[in-house]
S.K.: 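The structure under discussion is supplied below as structure tokens; questions concerning it will follow.
We count residues from 1, following the sequence as given.
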Amino acid sequence: MNRMRMMGRFVAIFFVMVAVPTVATTPQEPPLTVEVRHYARSLQPGEVVRVTATFSRPVRTVRASAFGSVVPFQPTSDQRMWSALVGIDLDVKIGEHLISIVGTSPNGVTARTEHPLAVISKEFATRRLTVAPEYVTPPDEVIERIQREGARTTKLFNTQTPIAYWSGAFLRPVTGEATSAFGRRSVFNGQARSPHSGADFRASQGTPVKAPNSGIVVLANDLYFSGNCVIIDHGLGLYSFFAHLSRIGVAEGDRVASGDIIGDVGATGRVTGPHLHWTVRLNTARVDPLSLMAVLADGG
């Protein structure tokens with residue numbers, strides 16, 4: 001009897017021992033952090049700013065905004081470093097502005113930050129000219145055409161293609177130097193005009209014009225003020241607009257690579273002599289093409 005009681009006690013004790021669960025502990029995942037840097041010639045109206053956001057571990061999405069517009073970021077191969085181009089429009093107010101950035105990891109953890117951009121003032125030159133009246137006030141019969149063409153280009157510039165067609169540095173479209181300062185104000189026959197929102201390059205009639213980077217041609221047509229034009233969508237809200245061409249060498253829908261010939265220099269539209277006009281729009285911001293080339297000179 002005593003032996004049986006002892007065996008029963010032993011079995012009960014053994015059962016209790018194996019029923020106790022073993023809890024495995026795992027180290028807590030460190031917080032997701034982000035470091036933001038920017039690169040620019042200067043933080044002034046008309047400048048392009050390259051922004052990089054480096055996260056402590058890979059993230060699957062980055063959402064960002066600046067100056068009231070969405071800023072599309074694109075990742076490197078390991079998805080830790082993301083980069084974007086931000087345009088400072090000619091009408092941006094002087095003072096501190098913020099780039100808001102939110103990165104989300106594959107398991108839903110987020111990192112949020114606001115990076116400051118302190119925009120400083122810039123003085124743009126003003127020229128006063130007396131020109132033929134048709135260069136200031138177009139005839140009534142073309143007003144509807146001008147409005148229609150303006151609406152079309154505005155719609156294009158407001159479209160943000162969700163992928164990047166461009167990569168690396170932007171090329172100079174012609175070998176000539178820029179002869180007209182971006183942002184210059186003009187007064188024709190006493191009437192103030194819109195700021196010059198592009199750069200003019202010295203080039204003779206018929207000089208081939210090269211695509212500065214890859215993209216898709218979204219306009220290849222004759223416009224009243226700008227003459228024969230080509231607009232290239234480089235993706236992610238970045239557009240190149242070439243004006244006053246003597247010949248258009250591409251068609252809408254064509255895909256072009258960096259260095260491809262898109263047309264020839266001319267003097268079509270409302271100009272007095274041959275040259276190349278290059279406008280760049282970055283998420284609708286009017287920015288200097290020379291700034292774009294400078295910021296991406298090392299390949300971006």
Side-chain angles (χ1 to χ4, degrees), residues 35-54 62 64 66-67 71-77 80-90 92 99 115 117-120 122 124 161 163-184 196-203 207-216 230-243 256-262 265 275-300:
E35 179 183 2
V36 181
R37 295 184 179 183
H38 69 263
Y39 310 84
R41 295 191 308 182
S42 63
L43 295 180
Q44 294 177 302
E47 293 296 315
V48 175
V49 184
R50 179 157 57 97
V51 180
T52 61
T54 304
V62 172
F67 303 111
V71 176
F73 273 76
Q74 53 184 334
T76 55
S77 58
R80 289 182 62 251
M81 179 181 287
W82 294 62
S83 63
L85 296 178
V86 175
I88 306 176
D89 186 72
L90 282 170
V92 164
I99 306 175
H115 182 75
L117 292 178
V119 179
I120 60 176
K122 182 175 182 178
F124 294 101
T161 303
I163 60 174
Y165 300 127
W166 65 274
S167 64
F170 272 67
L171 304 178
R172 184 180 292 269
V174 292
T175 57
E177 293 299 317
T179 60
S180 179
F182 170 87
R184 181 178 60 191
H196 191 241
S197 59
D200 290 342
F201 292 81
R202 182 180 291 110
T207 300
V209 178
K210 297 179 180 179
N213 213 308
S214 301
I216 294 178
V230 171
I231 298 181
I232 300 173
D233 177 5
H234 298 294
L236 299 181
L238 181 59
Y239 289 85
S240 284
F241 181 160
F242 297 98
V256 295
S258 181
D260 285 353
I261 304 300
I262 60 172
V265 170
H275 67 281
L276 178 66
H277 175 90
W278 179 19
T279 285
V280 170
R281 293 293 179 91
L282 177 53
N283 293 312
T284 74
R286 298 165 293 177
V287 295
D288 188 350
L290 300 182
S291 176
L292 177 66
M293 289 194 296
V295 165
L296 295 176
D298 61 354

S.K.: In Å, rounded to the nearest 0.5 Å, how long is the span from CG of Leu238 to CZ of Arg281?
M.R.: 12.0 Å

S.K.: Does Leu43 reach the side chain of Val49, with side-chain heavy atoms less than 4.5 Å apart?
M.R.: yes

S.K.: Minimum heavy-atom separation for Val119 to Pro45, with atom names?
M.R.: CG1-CD, 4.0 Å

S.K.: Report the C-alpha distance between Phe124 and Leu90 in whole Å, list the side-chain angles of each, state the deciding distance to 0.1 Å, and finish with yes or no for side chain to side chain contact (heavy atoms under 4.5 Å, CB included).
M.R.: CA-CA 10 Å; Phe124 294 101; Leu90 282 170; 3.6 Å; yes

S.K.: Any cation-pi pair here, Arg50 with Tyr39, using under 6.0 Å and within 45°?
M.R.: yes

S.K.: Go through Thr284 and Asp89 one step at a time and tell me if the side chain to side chain contact (heavy atoms under 4.5 Å, CB included) criterion holds.
M.R.: CA-CA 8 Å; Thr284 74; Asp89 186 72; over 6 Å; no

S.K.: So how far is it from Lys210 NZ to Ile262 CD1, rounded to the nearest 0.5 Å?
M.R.: 12.0 Å

S.K.: Could you report the tightest heavy-atom contact between Ala243 and Leu276, atom names first, then the distance?
M.R.: O-CD1, 4.1 Å

S.K.: First locate atom NE2 of His115, then atom OG1 of Thr52, and finally report the distance between them rounded to the nearest 0.5 Å.
M.R.: 8.5 Å

S.K.: Ser240 versus Asn213: any side-chain heavy-atom pair under 4.5 Å?
M.R.: no

S.K.: Run the side-chain contact (heavy atoms from CB on, under 4.5 Å) test against Glu35 and tell me which residues pass, sequence neighbours left out.
M.R.: Arg37

S.K.: Are the side chains of Leu117 and His38 in contact, using a 4.5 Å heavy-atom criterion?
M.R.: yes

S.K.: Is there a side chain to side chain contact (heavy atoms under 4.5 Å, CB included) between Val92 and Phe67? Walk through the geometry before answering.
M.R.: CA-CA 8 Å; Val92 164; Phe67 303 111; 3.7 Å; yes

S.K.: Which heavy-atom pair separates Ala169 from Ala297 by the least distance, and what is that distance?
M.R.: CB-O, 4.1 Å

S.K.: Quick one, Leu296 and Val48 - any side-chain contact, counting heavy atoms below 4.5 Å?
M.R.: no

S.K.: Write down the atom of Ser214, the atom of Ser258, and the distance for their closest heavy-atom approach.
M.R.: OG-N, 3.6 Å

S.K.: Grab the two heavy atoms, one from Ile232 and one from Gly215, that are nearest each other, plus how far apart they are.
M.R.: CG2-CA, 3.8 Å

S.K.: Find out whether Val36 and Ile99 are in side-chain contact, i.e. whether some heavy atom of one side chain is under 4.5 Å from a heavy atom of the other.
M.R.: no

S.K.: Contact between Trp166 and Leu85 at the side-chain level, heavy atoms closer than 4.5 Å - yes or no?
M.R.: yes

S.K.: Kindly say whether Val265 contributes a backbone atom to a donor-acceptor pair with the side chain of Thr207 at under 3.5 angstrom?
M.R.: no

S.K.: Nearest 0.5 angstrom please: Ile216 CD1 to Tyr165 OH, how far?
M.R.: 3.5 Å

S.K.: Quick one: pull up CG in Leu236 and CG in Leu282 and give me the separation to the nearest 0.5 Å.
M.R.: 9.5 Å

S.K.: CZ/Phe182 to CZ/Arg286 distance, rounded to the nearest 0.5 angstrom?
M.R.: 7.5 Å

S.K.: Suppose we screen for side-chain contact (heavy atoms from CB on, under 4.5 Å). Which residues come up paired with Arg41, at least two apart in sequence or across chains?
M.R.: Glu47, Asp288, Leu290, Ser291, Ala294

S.K.: Hey, can you tell me if Phe242 and Trp278 have their rings parallel, tilted or perpendicular (30° and 60° cut-offs)?
M.R.: parallel

S.K.: Please report the closest heavy-atom contact between Ala257 and Ala211, naming both atoms and the distance.
M.R.: O-CB, 3.6 Å

S.K.: Less than 4.5 Å apart, side chain to side chain, heavy atoms only: is that true for Arg202 and His275?
M.R.: no

S.K.: Should His234 and Pro212 count as side-chain neighbours, where that means a heavy-atom distance under 4.5 Å?
M.R.: yes

